[in-house]
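The block underneath contains the structure these notes are about, expressed in structure tokens.
Keep in mind that what you see is a predicted model, and the values were worked out from it rather than measured.
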Amino acid sequence: MTVSPSYKAHRAHGPHALLRILMTLVAMVAVAVRPAMAQSILRDAETEALFQDMMDPLLVAAGLQPGQVRVHLLGDRSINAFVAGSQDIYVFSGLIEAADSAEEVQGVLAHELGHVMGGHAIRASEGAKTATGISLLSLLLGAAAMAAGGGEAGMGILMAGQQAALGKYLAFSRVQESTADAAGAQYLSKAGISGRGSLAFFKKLQNLEFRYGIKQDDDQAYGRTHPMSGDRIQALREVYVVDPAWSKPADPAIEARFQRIKAKLSGYIADPDRTLRKYPESDTSIPARYARAYAWHKSAYPDKALGEVEGLLKSNPHDPYFLELEGQVLLESGRPKDAIPPLREAVANSRSQPLIAATLGHALIATEDPGNFAEAEKVLKTAVALDNQNPFAWYQLGIVYANKGDQPRAALASAERYSLEGGQSALALRNAETAMQGLPEGSPDWIRAQDIALVSRAEVEQARKRR
């Protein structure tokens, strides 16, 4: 986690200064307790499967069940990861780009799992509560001094209290980070994964600190949310080098899959020209073809993209993710009918992976052939049953219901969609109420619509109060 609130003392007077000081603390607490999640979540079936396979050995080592903690990918090129809620880890795309190996990412995941097991996302409020108490006390004392005519003295008390509050919170955060480092090292050891990757990634972070001129002395550490990278490396090295897993080779299958994902992500996010320079056509490896396929597709050269996909399929004709990419390129190039066969096979070979199934449903609908709608309904129902957090799948299912003339269930699918999309509570409420009017009262679908309506109504009321 790299939440780094900054503090700068302002020499000012009057009620506006008091408000600014209090708002500074409120902003600091908000950042600490609820990390900003304005970045878009990137959903990709292959990436999510790899994350889970990288995570599951660590979960077992921590005494949890496989799949109990989910890893989400955020489209942000910062080198960052954090825990939100109780059992969700968010990894930034920039971290994947910066990592050279799967073991480096597993080191980060082990650290974040340490935060999960320590309840740090929840306990952050403890540190915030202490900081708030100190700051509010100083606010009262400072206001009293200023009311008595001691303006300078009052401001001095306020600024000192604010500094003390910030120091308390940052110290609390540094303790949590050190605890997560130690826990992560334990999980890696029990899972039989070398700590080489963890150390390598910390060295990357330290090199960034050197590059940006961040000093490593103790005076600078006071104002940081994390311990100094040099201290962390030294402490972890002593643990890792004596661990039996230190010299254990990396899992070659996981590493190969990671290199595929890294190239795929680069092709999807980076500027196409940059991707094509990094992965020239002379490179016929699977990662390079993957990256170029996305670069050509983004550049509106579908034939060149399909040429790269053809090269991928020659290496493994039944790979569901290569077939998915072929179907995606065909579908998004205006050839939905041609996209259906590879997508059907991709769904079958991935055991109805819901994200791939949703794309197949989209292709079936996009043909505008009424004969394909029954299959689309079946496919999309399976997709949302396995993963009900996909607003696009709900949107497509709503189209199917509307085409059948089933307006209540079309409205329910729209309510599901809008309830998952941020800032759409009013639309979710409207569609849920419409669905309830046409569904049999007390039926499972009616109850679900009622649940969405209750939650959405509360969110609409909260938004109205904030205004």
Side-chain angles (χ1 to χ4, degrees), residues 1-3 31-60 62 64-99 102 104-122 124 180 184 187 201 254 257-258 260-269 294 321 324 350 353-359 383-384 386-395 416-424:
M1 297 172 67
T2 56
V3 179
V31 169
V33 176
R34 187 166 59 94
M37 294 173 58
Q39 301 86 356
S40 59
I41 294 179
L42 302 180
R43 300 291 310 275
D44 175 68
E46 184 177 14
T47 301
E48 291 180 5
L50 174 61
F51 278 165
Q52 205 58 60
D53 288 344
M54 293 169 67
M55 193 76 209
D56 281 346
L58 299 171
L59 295 178
V60 173
L64 300 178
Q65 296 296 317
Q68 200 166 338
V69 173
R70 294 188 61 188
V71 182
H72 308 272
L73 181 65
L74 292 180
D76 188 303
R77 302 190 78 170
S78 305
I79 302 175
N80 198 1
F82 63 86
V83 171
S86 59
Q87 292 183 323
D88 288 282
I89 295 174
Y90 292 83
V91 175
F92 286 40
S93 59
L95 190 148
I96 303 300
E97 288 185 281
E104 289 187 19
V105 178
Q106 282 179 302
V108 174
L109 295 178
H111 170 88
E112 298 303 328
L113 181 57
H115 285 302
V116 172
M117 297 303 292
H120 293 169
I122 299 171
Y187 304 147
F201 200 81
I254 290 289
R257 290 168 64 190
F258 172 74
R260 276 175 54 158
I261 289 299
K262 183 175 178 179
K264 182 179 188 178
L265 183 62
S266 176
Y268 180 79
I269 290 179
Y294 276 94
Y321 306 117
E324 176 195 22
S350 65
Q353 207 290 331
L355 291 175
I356 302 177
T359 305
V384 297
L386 294 173
D387 178 9
N388 64 2
Q389 300 297 304
N390 185 348
F392 181 73
W394 284 113
Y395 170 65
E416 294 277 11
R417 168 198 172 187
Y418 289 125
S419 70
L420 294 169
E421 295 178 348
Q424 301 289 346

Knowing that exactly one of I41, V71, V83 qualifies, which makes a side-chain contact (heavy atoms from CB on, under 4.5 Å) with Y90? I41
For a side chain to side chain contact (heavy atoms under 4.5 Å, CB included) check, start with the C-alpha distance between F392 and R417, then their side-chain angles and the critical distance, and finish with the verdict. CA-CA 7 Å; F392 181 73; R417 168 198 172 187; over 6 Å; no
Which pair of heavy atoms, one from L420 and one from P391, lies closest together, and at what distance? CD1-N, 3.8 Å
Validation row: S93, L95 side chains within 4.5 angstrom (heavy atoms): no
Do the side chain of Q68 and the main chain of Q65 share a donor and acceptor less than 3.5 angstrom apart? yes
Heavy-atom pair of closest approach, residues A393 and A358: CB-CB, 3.9 Å
G94 versus I79, closest heavy-atom pair with distance: O-CG1, 3.9 Å
Hey, what do you get for NE2 (H111) to OH (Y187), rounding to the nearest 0.5 Å? 11.5 Å
Could you go step by step and tell me if I96 and V91 meet the side chain to side chain contact (heavy atoms under 4.5 Å, CB included) rule? CA-CA 8 Å; I96 303 300; V91 175; 4.0 Å; yes
Taking the side chain as every heavy atom from C-beta outward, state whether Y294 and K264 have any atom pair closer than 4.5 Å. yes
Just by distance, no angles: are the side chains of N80 and S78 close enough, under 3.5 Å, to form a donor-acceptor pair? no
Once you round to the nearest 0.5 Å, how far does CZ of R70 lie from CD of E48? 6.0 Å
Apply salt bridge (charged side-chain N to carboxylate O under 4.0 Å, His left out) to E324 and list each qualifying residue two or more places apart in sequence or on a separate chain. none
Minimum heavy-atom distance between A110 and L58, given as atom pair plus value: N-CD1, 3.9 Å
Under the criterion side chain to side chain contact (heavy atoms under 4.5 Å, CB included), I'd like the reasoning laid out for L74 against F82: C-alpha separation, chi angles, the key distance, then a yes or no. CA-CA 11 Å; L74 292 180; F82 63 86; 3.9 Å; yes
To the nearest 0.5 Å, what is the distance between CG on N390 and CD on E416? 11.5 Å
Do you know which two heavy atoms are closest between Q353 and L355, and how far apart they sit? OE1-N, 2.7 Å
Would a 4.5 Å heavy-atom cut-off, applied to side chains only, mark M117 and L64 as touching? yes
Sorted by chain and number, sequence neighbours left out, side chain to side chain contact (heavy atoms under 4.5 Å, CB included) with T47 holds for D44, F51, L73, I261
Say whether, by atom type as modelled, one donor and one acceptor occur between the side chain of Q106 and the main chain of M54 under 3.5 angstrom. yes
Tell me, do S350 and I356 make a side-chain contact under 4.5 Å, heavy atoms counted? yes
With side chains defined as the heavy atoms from C-beta onward, is the minimum distance between L42 and L265 less than 4.5 Å? yes
Whether K262 and E97 form a salt bridge (side-chain N of Lys/Arg under 4.0 Å from carboxylate O of Asp/Glu) is what I want to check. no
Determine, step by step, whether L50 and R260 satisfy the side chain to side chain contact (heavy atoms under 4.5 Å, CB included) criterion, reporting the C-alpha distance in whole Å, the side-chain angles of both residues, the deciding distance to 0.1 Å, and the verdict. CA-CA 10 Å; L50 174 61; R260 276 175 54 158; over 6 Å; no
How close do I89 and M55 get, counting heavy atoms only, and between which atoms? CD1-CE, 3.7 Å
Taken in chain and number order and not counting sequence neighbours, the residues that satisfy side chain to side chain contact (heavy atoms under 4.5 Å, CB included) with N388 are W394
